[in-house]
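The chain is numbered in sequence order, starting from 1. Atoms within each ligand, like the ligands themselves, are counted from 1 in listed order.
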Amino acid sequence: MSEKPIVVVGSGLAGLTCAWAATTPVVLVTAGTLTEGAASMWAQGGIAAAVSPDDSTASHAEDTWRAGAFAGDRPVIDRITGEAPEIVQVLADLDVPFDRASDGSLDLALEGGHSRPRVAHAGDHSGATITASMAAAVLAAADIELRENHTVTKLLTDDSGAVSGVVVRRADGTEETIDTDRVVLATGGLGGLWPHTTNPRTALGQGVALAARAGARTDDLHLVQFHPTGLDVPRDPMPLLTEALRGAGAVLLADGERFTDELQPRDVVAAAVWEQLTHGFAVRLDARGIPDVTTRFPAVAELAAASGLDLANDLLPVRPALHYSMGGVTVDGRSRTSVTGLWAIGEVSRTGLHGANRLASNSLLEAVVTGRAAARDSSAWRTGWDVRLSATDRATVLPRGDAEPIPVQEVRDLLGASCGVLRDGPTLQAAVDALQPHTGDDVAYVAWLIARSALAHPHSVGAHRRTDSVEMQGARV
Ligand SMILES: Cc1cc2nc3c(=O)[nH]c(=O)nc-3n(C[C@H](O)[C@H](O)[C@H](O)COP(=O)(O)OP(=O)(O)OC[C@H]3O[C@@H](n4cnc5c(N)ncnc54)[C@H](O)[C@@H]3O)c2cc1C
């Protein structure tokens with residue numbers, strides 16, 4: 001057993017779960033204060049789990065597989081959806097106040113792509129409630145040293161390529177090195193790299209940069225999910241109108257007419273919204289028909305009100321916004337990456353659960369399942385690293401440099417233009433060429449990896465829609 005502490009990077013739901021479940025000492029390093037900058041705190045809908053008597057984990061797995069355009073990894077889907085009921089119980093045992101029916105059973109919401117109501121929730125602020133409960137458990141635990149306002153800027157490796165430490169930058173700009181042979185990346189997603197996003201602006205994919213520069217394999221970085229109903233008001237990030245609104249009966253209108261089945265998987269609905277917008281129609285979400293909508297969705301009502309809109313009486317302007325990264329640092333079932341001593345969990349990881357399009361409310365589930373798996377494996381790890389992952393493409397392993405970074409807004413504009421709802425080869429090639437000279441900078445490096453991945457995948461699948469692909473010839477969007 002290693003004598004050094006496990007270093008967990010990030011304090012969203014994945015990192016907190018891992019720190020809490022570890023059985024050896026942990027240093028929890030996080031860029032802001034505890035849970036600050038975590039998308040986990042922003043989740044509205046909840047956590048998907050087959051807990052009702054008329055549901056089954058097989059049905060949850062089937063819906064996940066189908067929503068992911070049959071591109072997910074079936075054994076992974078079966079395992080993670082299979083653990084979901086137990087995970088909800090683990091959270092309930094941590095006193096997460098899930099909404100319940102009068103008989104005490106969980107009140108389950110319906111969301112797009114699910115064949116039945118399956119989303120356990122705490123009002124429409126489920127992420128904040130679940131994450132706060134896990135944070136309280138972390139603060140109460142022994143053997144967790146918390147380093148707030150510490151940003152990991154580099155992963156150190158030894159001559160054999162194994163993890164040997166991390167470099168952290170403190171709030172005052174000074175740096176220190178933490179010596180460790182076990183690092184768990186829980187740094188979240190990369191939606192902040194797009195001009196229109198629901199993600200925290202700080203979600204710039206830094207975990208992908210750290211891992212890829214250390215030689216870890218990444219996959220599916222081009223597979224990013226656009227949420228169909230970002231509230232289209234001049235706010236950055238865009239407020240999210242949760243899918244649960246459509247599950248409760250809200251409809252989408254283009255110039256007053258319905259144009260799609262609102263409960264299809266997100267990639268399909270986002271593409272349908274995009275098509276209407278590109279034809280010049282104003283797209284709006286109509287939630288006026290939901291009984292007691294403002295009491296059922298108080299957080300959304302507040303978000304709308306902050307932009308002068310009334311959820312109960314107004315039509316809400318919407319547009320697709322970058323929401324979630326299906327790809328990331330490739331891991332096995334224990335959350336091990338291809339680099340010895342490096343685990344990745346939550347949204348920064350690519351587990352194979354989501355395929356080419358994430359099923360709604362499967363990511364909080366993935367955060368807890370992968371966090372717990374990494375905790376168990378890293379706590380027990382001694383030597384050796386028997387992962388069965390394909391080799392990393394060495395052409396993508398580039399060092400961090402001192403070159404003048406490209407402004408983040410420029411990177412966003414490049415990805416917005418090239419890696420939006422619709423993509424094509426020449427635009428992607430131009431983005432790759434524009435980003436290539438700046439790969440010494442982490443933000444540009446991650447954007448380059450994404451555009452490069454999109455360019456290398458000429459076929460359309462799920463959220464990756466190439467207008468120049470055979471699949472899209474003759475298609476409407
Ligand atoms: C608006 C919104 C609504 C959503 N709704 C749902 C939902 O209803 N259900 C669902 O399942 N999913 C939902 N999601 C997705 C889900 O919230 C995320 O996928 C999930 O919470 C990711 O958890 P995480 O722990 O991996 O990352 P995060 O919660 O994003 O946490 C990342 C942490 O890493 C830290 N960090 C990053 N880089 C560094 C660094 N270099 N050094 C130190 N610390 C670092 C950050 O500060 C943060 O603490 C939603 C997402 C958004 C944005």
Specify the protein heavy atom at minimum distance from [atom]: its residue, its atom name, and the distance to 0.1 Å.
| atom | value |
| --- | --- |
| atom 9 (N) of ligand 1 | Gly46 O, 2.8 Å |
| atom 35 (C) of ligand 1 | Gly10 CA, 3.6 Å |
| atom 41 (N) of ligand 1 | Gln206 OE1, 2.9 Å |
| atom 52 (C) of ligand 1 | His323 CE1, 3.5 Å |
| atom 4 (C) of ligand 1 | Ala43 CA, 3.4 Å |
| atom 19 (O) of ligand 1 | Glu347 OE1, 2.7 Å |
| atom 24 (P) of ligand 1 | Ser40 OG, 3.9 Å |
| atom 47 (O) of ligand 1 | Glu36 O, 3.3 Å |

Could you list which atoms of ligand 1 come closer than 4.0 Å to a heavy atom of [X]?
| X | result |
| --- | --- |
| Ala14 | 25 (O), 26 (O) |
| Gln44 | 5 (N), 8 (O) |
| His150 | 43 (C) |
| Gly188 | 26 (O), 27 (O), 30 (O), 32 (C) |
| Asn362 | 11 (O) |
| Gly346 | 26 (O) |
| Tyr324 | 19 (O) |

Is any NZ, NE, NH1 or NH2 atom of the basic residue among [X] and [Y] found under 4.0 Å from an Asp or Glu carboxylate oxygen of the other?
| X | Y | answer |
| --- | --- | --- |
| Glu176 | Arg170 | yes |
| Glu86 | Arg372 | yes |
| Arg100 | Asp107 | no |
| Glu145 | Arg147 | yes |
| Asp55 | Arg116 | yes |
| Arg118 | Asp63 | yes |
| Asp219 | Arg217 | yes |

Assess [X] for proximity to ligand 1: is some non-hydrogen atom of it under 4.0 Å away?
| X | value |
| --- | --- |
| Ile47 | no |
| Ser126 | no |
| Ser361 | yes |

Which bit of [X] gets closer than 4.0 Å to ligand 1, counting heavy atoms only: side chain, backbone, both or neither?
| X | value |
| --- | --- |
| Arg358 | side chain |
| Ala186 | backbone |
| Val168 | neither |
| Thr151 | both |

*According to the interplanar angle, ranging from 0 to 90°, do the rings of Phe226 and Trp194 count as parallel (below 30°), tilted (30 to 60°) or perpendicular (above 60°)?*
perpendicular

Can you check which of [options] brings a heavy atom nearest to [atom]?
| atom | options | answer |
| --- | --- | --- |
| atom 38 (N) of ligand 1 | Asn199, Thr187, Thr370 | Thr187 |
| atom 17 (O) of ligand 1 | Ala39, Ser349, Ala109 | Ala39 |
| atom 44 (N) of ligand 1 | Gly207, Ala31, Ala321, Ala344 | Ala31 |

*asked:* Cation-pi check for Tyr445 against Arg213: NZ or CZ below 6.0 Å from the six-membered ring centre and within 45 degrees of the axis, yes or no?
replied: yes

*So, for Tyr324 and His227, is the gap between ring centers shorter than 6.0 Å?*
no

*Would the number of heavy atoms belonging to other residues, nucleotides or ligands and lying under 6.0 Å from CZ of Arg79 be above 12?*
yes

*Is Leu449 close to Thr396 at the side-chain level, that is, under 4.5 Å between some pair of heavy atoms?*
yes

*Does a side-chain heavy-atom distance below 4.5 Å link Glu83 with Thr81?*
no

